[in-house]
Amino acid sequence: MHPKYHLLKIFWASLFIKLCNCNTQYTCARTPNLYITPAALWQIISAMQTLKFYPLDVTYRIENSLPVIHLFAKTIDGRHVCIIDDTFRPYFWVIPKYENIMEVKGKLQRLEIPKGEQVVKVAKVEQHEKNFLGEAIVALKVFLNLPSDVPLLRDIVRQWDMVTSINEYDILFARRYLIDKKIIPLSLTEAKGEFIESQDSSGIPCFKAAEVKPSSEHSAQDLKILAFDIETYNPLGKHVVAEKHPIVMLALYGDTLKKVITWKKFRTDDESIEFVDSEAQLIDRFVHHVKSYAPDILAGYYSDGFDLPYLMARAKALGIRLDLGMDSSEIDLDKGMNRSARITGLTHIDIFRYIAKILGRTMEAESFTLQKVALELLGEGKHAANIEQLASAWDDGTDKLEAFCQYNLQDALLTFKLTQKMLPNLSEMVKIVGLPLHDINRMGYSQLVEWYLLARSSEFNELNPNKPDDSTIDFRRQMSYTGGFVYEPEPGLYNDIIVFDFRSLYPSLISSHNISPATVRCDCCEGLAKLTPLDGKRKATWFCTRRKGFIPAIIEELITRRLRLKAALAASGKSPFLEAQSNSLKLLANAFYGYLGFPYARWYSMESAEATTAWGRFYIQQVIGKAAQAGFKVIYSDTDSVFLALDGRTKEDALQFCAAVNIELPGVMELEFEGYYPAGIFVSAKAGDIGAKKRYALLSEKGSIKIKGFEAIRKNSSLIAREVQETVLNIILKDRNPAEAVRYVKAVIKDLKDKKVPIEKVILNTQLQKRIDTYESVSPHVAVAQKMLAAGISIRPGSNIQFVIAEDTHNSKEKLRDKARLPDEVNEKDYDADYYIRHQVIPSIERILNVFGYTKDVLLENREQSKLASFF
DNA sequence: GGCTCCCGGGG
DNA sequence: GTGTACGGGAGCC
């Protein structure tokens with residue numbers, strides 16, 4: 001049969017379905033004069049196939065000047081398909097002034113905007129009654145033919161005096177499609193239509209759909225994961241030059257595929273190692289393996305920022321194609337801070353993104369290197385191999401390369417296991433929020449909340465608010481209100497610490513007090529509703545008691561859904577699937593409060609955020625009062641958590657106390673046991689302060705140290721600073737010996753002064769972000785880069801600049817940049833000991849040692865203070 | 001004190 | 001691309 005015939009059938013069928021689904025007004029306006037009998041049409045429809053599948057990702061293309069949705073999916077029998085739907089059109093909303101509705105409608109319909117040689121016209125205008133932030137309004141739904149016409153029209157209509165507001169003009173077309181069609185990725189979906197000839201060379205079957213709709217609650221199981229990792233030739237250490245340095249190894253890890261591809265041969269019995277002749281072949285084989293393994297998910301660790309961009313750069317340098325997608329399109333690399341690499345039709349997960357953004361909050365690790373994350377989450381680490389030596393091993397010896405291949409494979413394995421472990425959580429979030437895995441993987445808390453609200457609002461007939469403009473954001477940033485209640489700790493070392501917290505404190509408050517931008521300070525409840533327990537100076541606030549707000553309704557639904565799940569879990573025993581679902585619901589619900597106070601939020605409401613903390617303070621203070629009454633020593637409390645010292649009591653006593661508190665708490669509120677810590681140190685925020693919040697380190701039972709709020713030791717700090725902080729915390733928490741820690745620090749300071757510290761430990765690293773001549777201010781690393789340039793060393797944006805702050809013999813008043821030297825320029829003893837002591841070592845441990853009465857001055861002096869001996 | 005720049009992960 | 005940003009610390013100006 002001629003392919004055109006299929007397309008014609010689909011056209012008829014989609015029209016038919018449209019007619020069936022639409023209201024009369026619409027069909028009258030749209031019914032074209034077409035000649036086909038109903039019987040014939042019915043025949044066409046019934047001859048069409050129904051395809052059931054799990055959507056994985058969605059994109060769109062322009063064909064014949066109209067947008068066509070491409071929905072990539074996995075069928076119930078496990079094949080990959082692309083569902084093509086050309087029936088969806090972009091739109092946005094216009095809210096006219098009430099008296100101008102008809103006028104605006106007419107003006108929109110007549111509007112003609114020149115675009116190049118063409119003219120953009122509105123395709124259709126519908127009138128709807130909607131809710132908008134607690135108000136009932138009339139809004140016009142304006143349809144256009146092309147997504148890119150929306151911003152064009154938006155900018156014109158925005159100027160009109162008769163218009164109060166325009167809305168939803170920036171919802172990505174493909175996402176809008178999923179939302180409006182209620183299509184949930186990874187959930188069973190069905191389409192009526194027919195397979196058509198693929199328009200691409202990729203060979204993925206294409207199914208032209210007349211209709212796409214959700215099918216059932218069923219969701220995709222056992223998504224096939226393939227993890228990968230590359231090793232690159234880096235003779236310059238951290239300095240990465242993708243244009244010049246090849247990829248030497250590439251590992252793939254899946255359930256039934258374990259492979260390392262490399263292009264230097266050596267003798268080995270390891271069958272997982274595949275030898276090829278060149279880097280170009282390595283890339284070819286990588287693509288080949290991905291295609292033939294046909295995973296649903298390609299996973300990497302920081303692959304948005306490293307592996308895929310690097311692969312692309314290498315493919316470009318070698319003049320070959322890197323064709324991983326389903327449609328032979330290039331990988332779409334987003335620049336900017338949130339860079340991501342999107343592969344059409346193949347979900348690329350960068351599991352680092354999820355861990356750093358979402359999971360990190362609940363983790364102990366303070367940084368998210370693969371090694372640390374894997375150890376904490378999997379109890380398994382990387383292979384011991386010094387990556388610094390890979391380049392030389394590659395250059396001269398072949399006997400060492402096998403170890404690097406195994407190292408490479410291990411990284412891919414860890415990435416695989418991490419992805420496998422996180423996938424249930426990610427998938428559940430996908431099913432709750434309704435966006436593709438690729439997007440959910442990269443979203444932070446506020447984005448998850450916002451997209452969830454955007455997707456759910458139409459069920460409540462709510463019109464979505466706009467993103468704030470820059471000046472609004474600036475204004476919101478200035479806003480401040482009282483946060484959670486803080487019980488300030490007395491700095492010191494404590495034993496046997498129990499931590500309790502209200503995990504769902506804020507969500508349950510938002511729900512039970514009906515807190516939202518649409519219900520705040522309503523006219524109908526003025527003087528009647530209970531006032532929020534705000535701080536004295538604030539204007540009294542209340543929330544509507546008659547109408548449930550959209551946000552509280554949504555959050556209540558999340559909470560009750562989770563409670564039902566928990567009950568099911570209690571009844572059925574452990575279920576990883578239900579647990580993941582419960583975690584995702586909790587995570588999302590907990591993000592609402594932060595969202596309400598987030599300056600970039602569409603549903604921002606400082607008053608709501610403020611009211612939430614006010615009620616929070618009210619309840620946590622109740623708990624503190626009761627704990628003290630029960631005889632525990634309250635060490636510290638912040639917002640929703642309490643740290644108690646057992647003070648002679650047992651762990652069981654504390655758990656009993658918790659249970660007793662819970663009995664008296666209203667509704668869904670619950671105090672949870674967070675953990676027990678044998679020791680912990682609480683530190684003051686600034687030298688001299690009595691105590692301050694969020695600065696402590698706890699020793700867990702496993703022996704790991706959990707640090708909160710100490711100045712982050714960054715990669716560009718010197719090795720000596722990191723080493724000192726780590727050692728000091730260990731000496732204090734494990735050996736309980738602050739005096740020893742001081743002796744240790746003094747010894748390090750003395751070593752620095754005596755120039756005994758090896759130069760490697762005082763090297764600072766900073767990356768050059770842009771061309772050297774574009775810098776307006778000259779930081780030390782810029783000064784060094786200038787010198788490198790002058791010395792003929794090639795540098796470019798992205799180069800890692802290493803430098804040492806050297807002692808200045810003649811002028812001590814110079815700027816830091818004048819003392820910055822290339823590591824090669826300085827001799828072992830040239831570093832500026834004073835700088836490293838004052839700006840690296842001391843700041844890393846100052847606050848810790850302040851706790852025990854040691855000041856900076858004491859550390860800098862070379863003798864002990866006698867009165868401190870009595871401190872212990 | 002405000003502005004500018006860098007970091008995160010990866011080899 | 002109906003886009004697109006974070007938040008905090010350090011040093012310069």
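Since this is a predicted model, take the numbers as computed values, not measurements. In the text below, chain A, chain B and the rest are named by the order of the sequence lines, each starting its count at 1.
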Exercise for the section: Taking atom P in both dT4(C) and dG8(C), compute the distance separating them and give it to the nearest angstrom. Expected result: 22 Å

Practice task
Would you indicate what Pro151(A) reaches in the nucleic acid, counting non-hydrogen atoms under 4.0 angstrom: base, sugar-phosphate, or nothing?
Solution key: sugar-phosphate

Exercise for the section: Pick base, sugar-phosphate or nothing for Tyr445(A), based on heavy-atom distances below 4.0 Å to the nucleic acid. Expected result: nothing

Exercise for the section: Describe the nucleic acid contact of Phe368(A) in one word from base, sugar-phosphate, nothing, applying a heavy-atom distance below 4.0 Å. Expected result: sugar-phosphate

Problem - Aromatic plane relationship, Phe404(A) with Tyr407(A) - under 30° parallel, 30 to 60° tilted, over 60° perpendicular - result: perpendicular

Exercise for the section: Report yes if a side-chain nitrogen or oxygen of His245(A) is closer than 4.0 Å to either non-bridging phosphate oxygen (OP1 or OP2) of dG11(B); otherwise report no. Expected result: no

Problem - Phe143(A) atom CZ, neighbour heavy-atom count above 12 within 6.0 Å - result: yes

Practice task
Assign Val782(A) to base, sugar-phosphate, or nothing according to its heavy-atom contacts below 4.0 angstrom with the strands shown.
Solution key: nothing

Exercise for the section: Not counting sequence neighbours, which residues clear salt bridge (Lys or Arg N to Asp or Glu O under 4.0 Å) with Glu450(A)? List them please. Expected result: Arg602(A)

Problem - Nearest to side-chain heavy atoms of Arg817(A), which nucleotide of dC5(B), dG11(B), dC12(C) - result: dC12(C)

Exercise for the section: Scan Lys467(A) against the nucleic acid and name what it touches under 4.0 Å (heavy atoms): base, sugar-phosphate only, or nothing. Expected result: sugar-phosphate

Practice task
Would you mind classifying the nucleic acid contact of Leu146(A) as base, sugar-phosphate or nothing, using non-hydrogen atoms under 4.0 angstrom?
Solution key: nothing

Problem - Distance test, side-chain N/O of Lys770(A) to OP1/OP2 of dC5(B), below 4.0 Å - result: yes

Practice task
Just call it for Ser367(A): base, sugar-phosphate, or nothing, with non-hydrogen atoms closer than 4.0 Å on any strand.
Solution key: sugar-phosphate

Problem - Test item: side-chain donor near acceptor, Tyr91(A) and Arg176(A), under 3.5 Å - result: yes

Exercise for the section: Quick one: label Glu168(A) by what it contacts on the DNA or RNA (base, sugar-phosphate, nothing), any heavy atom closer than 4.0 Å. Expected result: base

Handout entry: N or O in side chain of Arg175(A) less than 4.0 angstrom from dT4(C) OP1/OP2
Key = no

Handout entry: Donor on one side chain, acceptor on other, Asp229(A) and Asn408(A), under 3.5 Å
Key = yes

Practice task
Scan Asp149(A) against the nucleic acid and name what it touches under 4.0 Å (heavy atoms): base, sugar-phosphate only, or nothing.
Solution key: nothing

Practice task
Please confirm whether the backbone N or O of Val782(A) pairs with a side-chain atom of Ser779(A), one donor and one acceptor, at under 3.5 Å?
Solution key: no

Exercise for the section: Pick base, sugar-phosphate or nothing for Phe228(A), based on heavy-atom distances below 4.0 Å to the nucleic acid. Expected result: nothing

Problem - P-based separation of dG9(C) from dA5(C) [nearest Å] - result: 22 Å

Handout entry: Close side-chain approach of Trp263(A) and Trp394(A), heavy atoms under 4.5 Å
Key = yes

Practice task
Tell me whether the OP1 or OP2 atom of dC7(B) has a side-chain N or O from Gln767(A) closer than 4.0 Å.
Solution key: yes

Exercise for the section: Give a yes/no on whether any side-chain N or O of Tyr302(A) is located under 4.0 angstrom from OP1 or OP2 of dC7(B). Expected result: no

Handout entry: Electrostatic pair Asp818(A):Lys815(A) at N-O distance under 4.0 angstrom
Key = no

Problem - Stretch residues 410-418 of chain A: residues that reach within less than 4.0 Å of DNA chain C through a heavy atom - result: none

Exercise for the section: Write down the distance separating the P atoms in dG3(C) and dG7(C), rounded off to the nearest Å. Expected result: 22 Å

